[in-house]
2 protein chains.
Amino acid sequence: MRRTRFDDAPCPIARTVDLIGDWWTPIVLREAFRGRRRFDEFQQALSLSRSVLTQRLARLVDEGLLVRRLYEERPPRHEYVLTEKGRAFYPVLAAMWRWGSDWLWEEGSEPPVELYDRESGRPVRPRLVDENTGKPIDVREVRVGARREA
Amino acid sequence: MRRTRFDDAPCPIARTVDLIGDWWTPIVLREAFRGRRRFDEFQQALSLSRSVLTQRLARLVDEGLLVRRLYEERPPRHEYVLTEKGRAFYPVLAAMWRWGSDWLWEEGSEPPVELYDRESGRPVRPRLVDENTGKPIDVREVRVGARREA
DNA sequence: CTCACTGAGTTCGATCGTCGAACCCAATGA
DNA sequence: TCATTGGGTTCGACGATCGAACTCAGTGAG
């Protein structure tokens, strides 16, 4: 049986999951944010099979998160660079980073990978707030719905 | 070949992806945040196969995002309820929601599912900021590293 | 007492996705 | 001429996902 698709679901979460809901795609994106661009850079950094990497990059290019760009004529060499849409995805990874580092580490085994402000060098702790009010988003204070009811 | 596991990777993103990096787990969590608790509630809402739902719920219970609780003695009935760890996952879904609604919708076809503040009824737009400074997180201003270098 | 029904799963076989290894090809450099 | 490198594609084995069918305990109707 084929995988159930969510790409036309009415829910933005479902559509997003359809796109990145596998084990490699988010990691490939993470590497893109780290500045990797070339096929072999990705492949060596992640040690995933070439066929899977090819598929993931193609999907990301297809969906407009990456562009495949010729950066050398002879011999022809390509690189995969984040688009605006791709860069906009960063908060999702940052939210995962935050949750993972808060909840998936045993005491005493600090996560070796952290985020720092490039300028100040100080650690950055991503947190989700409401853009309008600036207040942190608490599950119990948010309602999901098709439209405002009252 | 077995799927490559990331659950002991040094990167919080990788570990998080190992846990929720499939198509159903994030959607099951979304439904949990919507207040679903019983097996059949999930199954009917998502129309996924029972076997997959069983596996997903078991994994989420295993990892401590949900608890399986007896809420009725005779006949014995169970429900799956979010734990603190599970509730803490909300920002990841909210970030996906935001990105999906910003980037995966054509003009003119508004996402029918939105987020509202329970009290004010006003729409909520999740945004990621640095907890320390309150500044929005921009990719180019954040560096990933094992430890601070200077 | 029997039958149908419900909640909560497990089992089954088919199909799809993932994996590493091997192969391919063009351009370059020794 | 031959090996190497970048950037893939092809292949076959195996693991994951699917819907459908089955299970089992309790319950309520007749």
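Labels below follow one simple rule: chain letters A, B, ... track the order of the sequence lines, proteins then strands, and each chain is numbered from 1. Just so we're clear, the structure is a prediction, and the values are computed from it rather than from any experiment.
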query = For the pair made of CG in A:Leu57 and C1' in D:dG8, what is the distance, rounded to whole Å?
reply = 11 Å

For atom CZ of A:Arg5 and atom P of D:dT17, their distance in whole Å = 14 Å

note = Side-chain contact check for B:Phe39: nearest option of D:dG8, C:dA8, C:dC19 is C:dA8

message = Expressed as a whole number of angstroms, how long is the span from B:Tyr71:OH to D:dG26:C1'?
response = 13 Å

ask   = Picking from C:dA21, C:dG9, D:dG8, which would you name as closest to the side chain of A:Ser51?
value = C:dA21

message = Using the ring centroid of each side chain, check whether B:Trp24 and A:Phe6 are separated by less than 6.0 Å.
response = yes

Residue A:Arg68, side-chain heavy atoms: nucleotide from D:dG8, D:dG6, C:dT18 that is nearest = D:dG8

task = Find which nucleotide of DNA chain D each of A:Tyr80 and B:Ser47 is nearest to by heavy atoms, and output the residue with the more 5' nucleotide.
result = A:Tyr80

query = Does a salt bridge link B:Glu79 with B:Arg69, judged by any charged N lying under 4.0 Å from a carboxylate O?
reply = yes

query = Nearest-Å distance, CG (A:Asp40) to P (D:dT9)?
reply = 13 Å

request  = Run the numbers on A:Tyr80 and A:Arg37 for side-chain contact (heavy atoms from CB on, under 4.5 Å), then give the verdict.
outcome  = CA-CA 5 Å; A:Tyr80 296 86; A:Arg37 302 185 156 205; 5.8 Å; no

Rounded interatomic separation in angstrom, taking CG from B:Leu48 and P from C:dT10 = 14 Å

Whole-Å gap separating C1' (D:dT5) and CD (A:Gln43) = 13 Å

task = Identify whether A:Leu19 and B:Met96 are in the same connected component of the hydrophobic contact network (ILVMFWY, side-chain heavy atoms under 4.5 Å).
result = yes

request  = Answer yes or no: is there an ion pair linking A:Arg59 with A:Asp22, defined by an N-O contact shorter than 4.0 Å?
outcome  = no

ask   = Closer to the 5' end of DNA chain C via nearest nucleotide, is it B:Thr54 or B:Gln44?
value = B:Gln44

message = Just the rounded figure in Å: distance from C1' of D:dT10 to CZ of A:Arg50.
response = 14 Å

request  = Check whether any side-chain nitrogen or oxygen of A:Arg56 sits under 4.0 Å from OP1 or OP2 of C:dT18, and answer yes or no.
outcome  = yes

ask   = Over how many whole Å does the gap from B:Leu53 atom CG to D:dG19 atom P extend?
value = 12 Å

D:dC18 phosphate, OP1 or OP2, under 4.0 Å from B:Trp24 side-chain N/O = yes

task = Assign A:Phe42 to base, sugar-phosphate, or nothing according to its heavy-atom contacts below 4.0 angstrom with the strands shown.
result = nothing

request  = From the options C:dA8, C:dT18, D:dT17, select the nucleotide whose nearest atom is closest to the side chain of B:Asp22.
outcome  = D:dT17

ask   = From the list C:dA8, D:dG19, D:dG7, which nucleotide is the closest neighbour of the side chain of B:Arg38?
value = C:dA8

